[in-house]
Amino acid sequence: MPDTRSLAPQFDPAAVETAVYQRWVDAGVFAPDDDADAEPYVIVIPPPNVTDRLHMGHGLNNTIQDLLIRFERMRGRKALWLPGTDHAGIATQNVVERLIAKEGKRRQDLGRDAFVERVWTYVHETGGTILEQLKAIGSSCDWGRTRFTLDETYSRAVRHVFVALYRDGLIYRGYRVIHWCPRCHTALSDEEAEFRDTEGKLYHVRYRIAGDAAEQKAGSTAEETAEETAGAAGGAEGAEGAARQGGSGADASAVPPFRRSAEWLTVATTRPETMFGDVAVVHHPEDERYAGLAGTMVEIPLSGVRIPVATSSVVERDFGTGLLKVTPAHDANDFEIARMIDPDGEMPGIMTADATMADVARVPADLRGLDRFEARRRIVEQLEAQGLLEKVEPHPHSIRHCYRCGTVVEPRLSDQWFVRMQPLADPALAAYRAGELTFVPERWGAVYEHWLTEIRDWNISRQLWWGHRIPAWYCDVEGCGHITVAETAPSTCERCGGAVRQDEDVLDTWFSSWLWPFATFGWPDATEDLARYYPGHTLVTAPDIIFFWVARMVMGGYHFLGKRPFDTVFLTGIVRDTQHRKMSKSLGNGIDPLEVVRGYGADALRYTVLTGAAIGTDVLLDPADLETSFAAGRNFANKLWNVGRFILTNLAPGTPDLSAVDPQTFELADRWILSRCQATIAETTVALERYRLNEAVGALYHFVWDELADWYVEQVKPRLYGDVPGGDVAPAVLAHVFGTVLRLLHPAMPFVTEELWGALPGTHEPVLAGARWPQADDGLRDEEADARFALVQDLVGAVRNIRAEYGVAPGRTVRTFVRPATLDTAEGCNAEQRTIERLARIETLTQGHAPSGVGAHAVLRDGSAVFVPLGDAIDVARECARLRDEVARIETQLAAVVRTLENERFLAKAPADVVARERAKESSWREQRATLAEKLRVLGC
RNA sequence: GGGCGAAUAGCUCAGCGGUUCAGAGCGCCUGCCUUACACGCAGGAUGUCGGGGGUUCGAAUCCCUCUUCGCCCA
């Protein structure tokens with residue numbers, strides 16, 4: 001703890017933060033008293049990826065959580081902030097794969113067990129990093145309850161859920177087209193395959209009509225056509241040959257563009273490389289352009305494979321040519337169409353897991369092994385050479401990319417595990433509609449609702465090694481084929497007793513994350529913690545994981561525990577740079593929060609993100625200019641520090657508690673600051689309760705700087721220095737007000753407040769983090785003092801303004817005359833004469849009529865006249881101009897008020913208090929105008 | 001294609017139908033090292049609140065529309 005007498009003139013965050021944090025840990029304030037008879041308040045942290053390093057997103061998010069948990073802790077609730085990390089399947093596996101790649105190895109070289117072991121080693125070495133970094137920004141998590149999504153107990157919950165859902169028929173194995181990342185080599189959920197706008201092309205490709213009609217027209221036979229395409233498949237030379245032969249059937253170059261000829265149909269596609277997997281060409285049944293074509297066979301260009309023309313009502317007639325090629329193994333929509341046309345039809349795959357062209361009969365030999373995009377380029381060349389490419393149009397569209405590595409996703413037909421979501425979504429939707437779940441800001445509720453309404457089944461299997469292995473075992477016995485799903489590994493098939501082998505895949509990371517609000521408390525066991533701390537209260541997270549995480553936690557909470565996991569979802573903004581780009585590692589536009597902590601202090605970081613985080617707005621920071629972003633917070637912490645330094649060094653050891661001071665001995669300024677202090681308590685508390693965090697911090701900033709420091713501390717100096725009597729009262733008031741400020745500011749800026757708290761004399765809780773939140777004392781609210789002191793401030797301001805305007809040297813004092821228009825000004829001047837004189841550098845403040853002579857004039861808001869005789873310093877013309885400007889300003893205001901008050905309908909319809917306020921304004925403006933008019937007359941303007 | 005958000009001072013943004021409501025911080029200008037703080041003090045300048053229309057006694061605030069930018073979903 002700091003020595004009261006030796007506080008440094010500048011707050012040095014680096015010198016105190018570690019020790020302050022240790023003080024909290026030693027005091028044990030982060031762990032709730034489990035047995036306390038208090039209402040719990042629970043936040044579960046959005047577990048950062050175990051390999052993550054702290055970035056500003058974490059900085060924002062965790063500052064908000066810490067502020068909320070500290071606030072409720074001080075309000076006496078049993079506050080638990082549960083920390084932990086997520087194993088982050090793909091992300092972590094990718095990190096370690098990159099590591100071993102530096103050794104020239106792939107995970108396959110190590111084998112599954114060795115690779116997973118390697119990941120564990122990595123996690124054990126570096127996994128605690130982000131949690132340590134959270135401490136640097138002051139996070140008051142209950143570290144004793146830290147969880148990891150791959151902990152044994154947590155894994156048990158994951159298996160339990162899988163088995164339970166499987167037995168309820170809510171998990172099933174399905175053969176579907178899923179999103180496949182050819183780089184990560186795994187399936188992805190819909191949410192993990194992000195749309196990105198892309199400048200694509202729409203290729204209009206001619207599919208030759210096979211059969212009699214074409215033969216008559218083209219004078220060729222089906223056999224010949226097949227030979228042609230066989231030649232085309234023979235490589236570059238073959239392609240040229242095919243091009244030449246194309247001319248033998250019809251002069252391609254002479255044919256005008258058309259949708260349909262007797263010889264071919266033109267199909268528009270964005271992905272020509274998939275055409276070898278086509279099983280049909282379809283058009284809308286009512287599309288007259290293609291009437292009567294159904295059943296006709298056409299040939300896939302370059303391969304010559306024959307496929308039928310069919311109809312489907314899902315085809316958009318206006319898109320492309322109205323003809324759609326159906327590639328069931330490489331497009332989810334096409335898969336559905338193909339199943340409708342022919343449920344038993346073949347669904348040929350023509351690409352490998354790497355998204356290269358497969359070595360299969362349907363793919364022309366010269367294209368096999370090529371990357372899909374290279375294949376597309378070659379195919380387009382060949383089509384063009386053969387006159388089969390009618391045209392190419394630019395086609396901007398959105399295509400899906402892997403959310404982890406950015407690779408274009410390849411739709412792929414495969415066996416995967418799915419969760420049937422509708423039955424889980426219904427209660428989550430109903431609960432939201434019943435008001436059991438509140439989103440802040442509210443609009444995100446609509447996003448949540450829309451997603452749940454349109455929910456689709458969730459692909460949860462991932463072809464990775466790092467994660468929860470799927471607890472399903474396949475029986476290899478001929479004719480059995482049973483799948484045993486169990487929490488613990490079976491030794492044999494539960495049906496036939498045969499040998500079993502476990503599914504190779506792991507579960508989607510989010511399949512464990514969605515259990516976070518209760519699996520962290522030991523569920524499915526009925527633990528004491530679960531009873532105490534579930535359901536939780538506030539979830540703080542970014543809106544981009546509403547689907548991934550938030551909605552699924554709600555579904556899981558209701559399904560498995562019958563209760564919501566939290567009552568409020570607070571969605572933060574996103575941290576962006578000045579070009580509004582999301583801060584990210586890849587863009588290199590990030591700000592390292594630890595660098596900010598080093599340079600400006602954790603409190604400054606917190607101050608900046610809190611003031612920048614008005615509800616629902618993104619936080620914009622300039623990575624190139626930390627000073628602009630963080631100086632304000634640093635300066636404010638330093639201001640508070642210096643107010644503290646002033647107060648603490650001036651408090652006598654025997655400073656009485658405020659309650660021991662006779663209120664009769666309060667001066668006007670004491671009454672005023674105590675009154676303002678109560679208002680600030682109320683304002684801050686309400687703002688925090690409403691999640692208006694920036695307003696809470698703003699109110700405190702204003703109170704500390706503009707009221708306490710600028711006015712009260714200045715007012716009190718003569719009393720503290722013993723120049724005037726009343727030396728006991730002021731310290732008591734200062735101690736009370738400053739102690740209150742430290743409490744109020746603690747959730748936002750815990751370090752500087754705690755450090756100052758340690759130096760605060762008197763009896764109080766030993767650790768501020770464990771201190772109680774102030775209660776506003778309405779007995780100290782004092783409207784009269786508010787009004788009178790406001791006029792004192794007004795008067796000082798008026799004189800300062802005059803001094804500056806006329807360039808009065810700072811050291812020179814002036815005489816000032818004030819003619820009070822109201823009792824408030826008269827009493828304010830009586831009570832605070834010395835303060836006014838000192839702060840405005842007035843030699844003597846005299847009440848009454850101004851003497852004759854040349855001087856500067858001003859008018860206070862209540863119409864009180866102020867006169868500062870300045871003799872030669874005054875340029876009368878300039879003074880006249882100054883006053884006329886002032887009159888003009890007042891006239892404008894007055895005119896507006898008069899207009900309002902002359903409006904009959906306003907008087908009839910507006911509430912009485914509003915009308916009264918307008919009348920008060922009117923009289924105020926009139927007073928001021930009258931005063932100024934007189935001044936102008938006196939000056940002879 | 002559907003939805004959401006934003007547009008206010010040079011910059012970043014608050015502003016919740018009615019407080020002297022057109023604001024804060026930063027930046028800028030002037031003057032001050034006044035024994036808590038130069039990370040400070042005092043004073044000052046800067047705006048068609050994106051355009052247009054409407055509702056209302058009253059609109060930066062609510063509604064409609066247009067423009068520009070951003071995000072989400074399909």
Side-chain angles (χ1 to χ4, degrees), chain A residues 7-11 190-191 194-195 316 397-398 400 441 443-444 446-447 450-451 454 543-544 546-547 573-574 576 578-582 600-601 604 607-608 611-622 625 627-650 687 690 692 694-695 698 701-702 705-706 709-710 713-714 717 720-721 794 796-797 799-805 807-811 838-841 861 889-890 893 896-897 899-911 913-915 917-918 920-921 924-925 928:
Chain A
L7 296 179
Q10 276 192 359
F11 175 55
D190 293 342
E191 291 69 32
E194 297 178 332
F195 283 102
E316 283 181 51
H397 60 141
S398 277
R400 294 196 187 247
R443 61 187 153 87
W444 291 113
V447 174
H450 180 253
W451 186 74
E454 306 279 312
D544 51 3
I546 289 178
F547 309 143
I574 290 170
R576 300 179 183 280
T578 49
Q579 293 171 58
H580 297 212
R581 298 178 306 180
K582 195 170 168 175
Y600 296 86
Y607 174 87
T608 296
T611 51
I615 286 180
T617 61
D618 291 341
V619 179
L620 273 76
L621 300 170
D622 187 351
D625 185 2
E627 189 68 13
T628 293
S629 296
F630 299 102
R634 176 199 59 196
N635 296 354
F636 182 44
N638 190 54
K639 187 71 182 179
L640 187 72
W641 178 258
N642 273 288
V643 170
R645 202 157 73 97
F646 169 80
I647 292 175
L648 298 173
T649 53
N650 283 294
R690 298 178 64 197
R692 296 180 174 268
N694 62 323
E695 290 180 20
Y701 182 96
H702 172 69
W705 205 309
D706 302 338
D710 285 354
V713 163
E714 292 304 328
K717 280 177 179 172
L720 289 189
Y721 296 155
D794 208 10
V796 171
V799 178
R800 282 172 171 171
N801 176 301
I802 286 168
R803 295 179 60 107
E805 196 82 22
V808 178
R838 217 167 55 79
L839 297 187
R841 304 225 168 206
R861 68 182 69 184
R889 188 181 66 85
I890 288 167
Q893 301 288 337
V897 178
R899 219 179 303 125
T900 304
L901 286 169
E902 282 174 349
N903 186 334
E904 296 290 339
R905 286 176 302 180
F906 171 74
L907 297 176
K909 293 193 178 182
D913 60 319
V914 173
V915 175
R917 264 206 297 276
E918 290 300 311
K921 269 197 246 176
S924 166
W925 294 127
Q928 293 180 54

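Heavy atoms only: backbone and side chains are in, while hydrogens, waters and symmetry mates are out. Remember, predicted model here, so these are calculated numbers, not experimental data. Below, read A as the first sequence line, B as the second, and so on, with proteins coming before strands; counting in each chain starts at 1.
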Verify the contact: side-chain N or O of [X] to OP1 or OP2 of [N], cut-off strictly under 4.0 Å; return yes or no.
{"X": "A:K717", "N": "B:rA36", "answer": "yes"}
{"X": "A:Y721", "N": "B:rA36", "answer": "yes"}
{"X": "A:N642", "N": "B:rC39", "answer": "no"}
{"X": "A:W451", "N": "B:rC4", "answer": "no"}

- Task: Give A:Y607 one of three labels, base, sugar-phosphate or nothing, depending on what nucleic acid heavy atoms sit under 4.0 Å from its own.
- Result: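 No contact at all - A:Y607 keeps every heavy atom at 4.0 Å or more from the nucleic acid.
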- Hey, does A:Q928 reach any base, or is it just sugar-phosphate, or nothing, if we go heavy atoms under 4.0 Å?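 The answer is base, as A:Q928 lies within the cut-off (heavy atoms under 4.0 Å) of a base atom.
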Look for any protein N or O under 3.5 Å of an N or O in nucleotides 58-64 of chain B and output each such pair with its distance, or none.
none

- Before accepting this row, confirm whether a basic side-chain N of the pair A:R634/A:E627 lies closer than 4.0 Å to the acidic partner's carboxylate O.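 Judged by the 4.0 Å cut-off on N to carboxylate O distance, A:R634 and A:E627 do form a salt bridge.
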- B:rC37 base / A:Q10 side chain donor-acceptor hit below 3.5 Å: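 Under the 3.5 Å cut-off, the side chain and the base do not form any donor-acceptor pair.
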- Considering only heavy atoms and no angle criterion, is a donor-acceptor pair shorter than 3.5 Å present between the side chain of A:S629 and the base of B:rU12?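 Under the 3.5 Å cut-off, the side chain and the base do not form any donor-acceptor pair.
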- Task: Please list residues of residues 630-639 of chain A whose heavy atoms come under 4.0 Å from any atom in RNA chain B, ordered by number; otherwise none.
- Result: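 Only A:A632, A:R634, A:N635, A:N638, A:K639 qualify.
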- Side-chain heavy-atom pair A:W451, A:I546 within 4.5 angstrom cut-off: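 Answer no - side chains too far apart.
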